[in-house]
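Every chain is numbered from 1, with letters handed out A, B, ... down the list of sequences. Bear in mind that the values here come from a model prediction, so they are computed numbers and not experimental data.
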Amino acid sequence: MARDKAELFFRKLKDYYGKPGTALNYSNPFQLLIAVILSAQTTDKQVNKITPNLFSRYPTPEKMAGARSEELEKLIKGIGLYRNKTRALINCAKKIVNDFSGEIPDTREDLMSLPGVGRKSANVVLAVVFGKASFPVDTHVFRVSWRLGLTSGKTPDKVEEEITSIYPEEEWIVFHHLLISHGRTICKARKPLCPECPVGKDCPSYQSF
DNA sequence: AACTCGGGGCA
DNA sequence: TGCCCAGAGTT
C-alpha cells in the first residue's frame, strides 16, 4: 500500500531534512509570477540576481507589456534561455493586461494560457499566490517519488494525481520540500547517493541503478 | 516523442 | 573544459 510506505518515508525524510526554508520571497503576485517564469531551467539564485533591476524597471504588467524587447533582454541576460524568456515575459504581461484586466488569473487553465507558464509553474503560482491546493511536479518530484515507489504514472499529470492522493493537503508543502531537497542532494538523477539516504534499504530502488 | 533554448556547477 | 542539469514551446 503506497500510503503506508509514504508515511514511513515521509517521517524519515522529515527527520533528515527538517522544515521547508523560504525560497520564493516575492509578495507581489505579478512579480512572483515573473520570477517563476524566469526560474524555468535555472536556479532561484540566478533569478534573484536579476529581479531587482528587472522589477525596478518593469514593476507592473502594464509597464512590462510596453517593454522594448532589446531593453528587457539586457536586464535578464546572464540567465539562461534569455531570448525565450524575454518573449514570454512581454507576451505574458500583454495577455494579463488585455485578457485579465491586469490581474493575475487564479485558475490553472488561465495561468497555463499565459506565455511561459506551463503545468509546473501554474501550480507554483496557485499555491504561493492563492494558497490553493496544488502540487508542482518537476523532474525532482517525478524522479524521487517514482524511485520511492510512491507513484507509477508516466506523465506529470498522472504523478500529480497519484501523489496528491497520498497526503492531506496540509502536508503537501512539507512533502514537496522534502522531495525537492532529496532529489537535489542525495536522490540525484545520476549517481544517487543511496548509502547516505535516510530511507535506505526501505527504498525499492536502493542501489538498483 | 524529440528537440531547442543558455548559462552555472562540478568532474 | 566538457558534460550534466533544470521547463515550456514547437514541430
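Look at NE2 on A/His140: it is 7 Å from C1' on C/dA6, rounded to the nearest Å. Rounded to whole angstrom, the span from the CD1 atom of A/Ile180 across to the C1' atom of C/dC5 amounts to 14 Å. Atom P of nucleotide C/dG7 and atom NZ of A/Lys85 are separated by 10 Å, given to the nearest angstrom. In this entry the distance linking CG of A/Leu38 with P of C/dG9 reads 13 Å, nearest Å. Protein atom CZ of A/Arg108 is 10 Å distant from nucleotide atom P of C/dA8, rounded to whole Å. One interatomic measurement links the two molecules: CG of A/Leu114 to C1' of C/dG9, which rounds to 14 Å at whole-angstrom precision. In this structure, A/Lys95 places its NZ atom 15 Å from C1' of C/dA8, rounding to the nearest Å. As rounded to whole Å, 13 Å separates atom P of C/dC4 from atom NZ of A/Lys188.
You'll find the ring centres of A/His177 and A/Tyr17 outside the 6.0 Å limit.
A gap of 16 Å separates the P atoms of B/dG6 and C/dT11, to the nearest Å. Here the separation of B/dA11 from C/dA6, taken at their P atoms, is 16 Å to the nearest Å. Comparing the P positions of C/dG9 and B/dG8 gives a spacing of 23 Å, expressed to the nearest Å. Taking the P atom of each, C/dC4 and B/dC3 are spaced 15 Å apart, rounded to whole Å.
If you check every strand for non-hydrogen atoms under 4.0 Å, A/Lys45 touches sugar and phosphate atoms only. Heavy atoms of A/Ser39 sit nowhere under 4.0 angstrom from any nucleic acid atom. Base engagement by A/Gly80 is indicated by at least one non-hydrogen atom pair under 4.0 Å involving a base atom. Residue A/Arg184 is out of contact with every strand shown, counting any heavy-atom pair closer than 4.0 Å. Using a 4.0 Å heavy-atom criterion, one finds that A/Ile37 contacts no nucleic acid atom at all.
A donor-acceptor pair is defined here as one N or O able to donate and one able to accept, closer than 3.5 Å; such a pair exists between the side chain of A/Tyr167 and the backbone of A/Ala6.
Under 4.0 Å is where a charged nitrogen must lie from a carboxylate oxygen, and between A/Glu73 and A/Arg68 no such pair does. Ion pair A/Lys5/A/Asp202 not flagged as a salt bridge, since none of the NZ, NE, NH1 or NH2 atoms sits closer than 4.0 Å to an Asp/Glu carboxylate oxygen. Using a 4.0 Å cut-off between a side-chain N of Lys or Arg and a carboxylate O of Asp or Glu, A/Arg108 and A/Glu160 qualify as a salt bridge.
Look at A/Ser121 and you won't find any side-chain N or O under 4.0 angstrom from OP1 or OP2 of C/dG7. For A/Arg119 and C/dG7, the shortest distance from a side-chain N or O to OP1 or OP2 is not below 4.0 Å.
Side chains of A/Thr51 and A/Gln31: a donor-acceptor N/O pair is absent below 3.5 angstrom, by distance only.
Of the residues near DNA chain B, A/Lys191 and A/Lys77, the one whose nearest nucleotide (by heavy atom distance) lies more toward the 5' end is A/Lys77. Comparing A/Gly183 and A/Met112 along DNA chain C, the residue whose closest nucleotide (by nearest heavy atom) sits nearer the 5' end is A/Gly183.
Checked against C/dC5, C/dA8, C/dA6, the side chain of A/Lys120 finds its nearest nucleotide in C/dA8.
Applying the 6.0 Å contact sphere to CD of A/Glu171 captures more than 12 heavy atoms from other residues, nucleotides or ligands.
The shortest distance between side-chain heavy atoms of A/Leu54 and A/Leu72 falls below 4.5 Å.
Protein chain A touches strand DNA chain B; the 5'-most and 3'-most nucleotides with an atom under 4.0 angstrom of its non-hydrogen atoms are B/dC5 to B/dG9.
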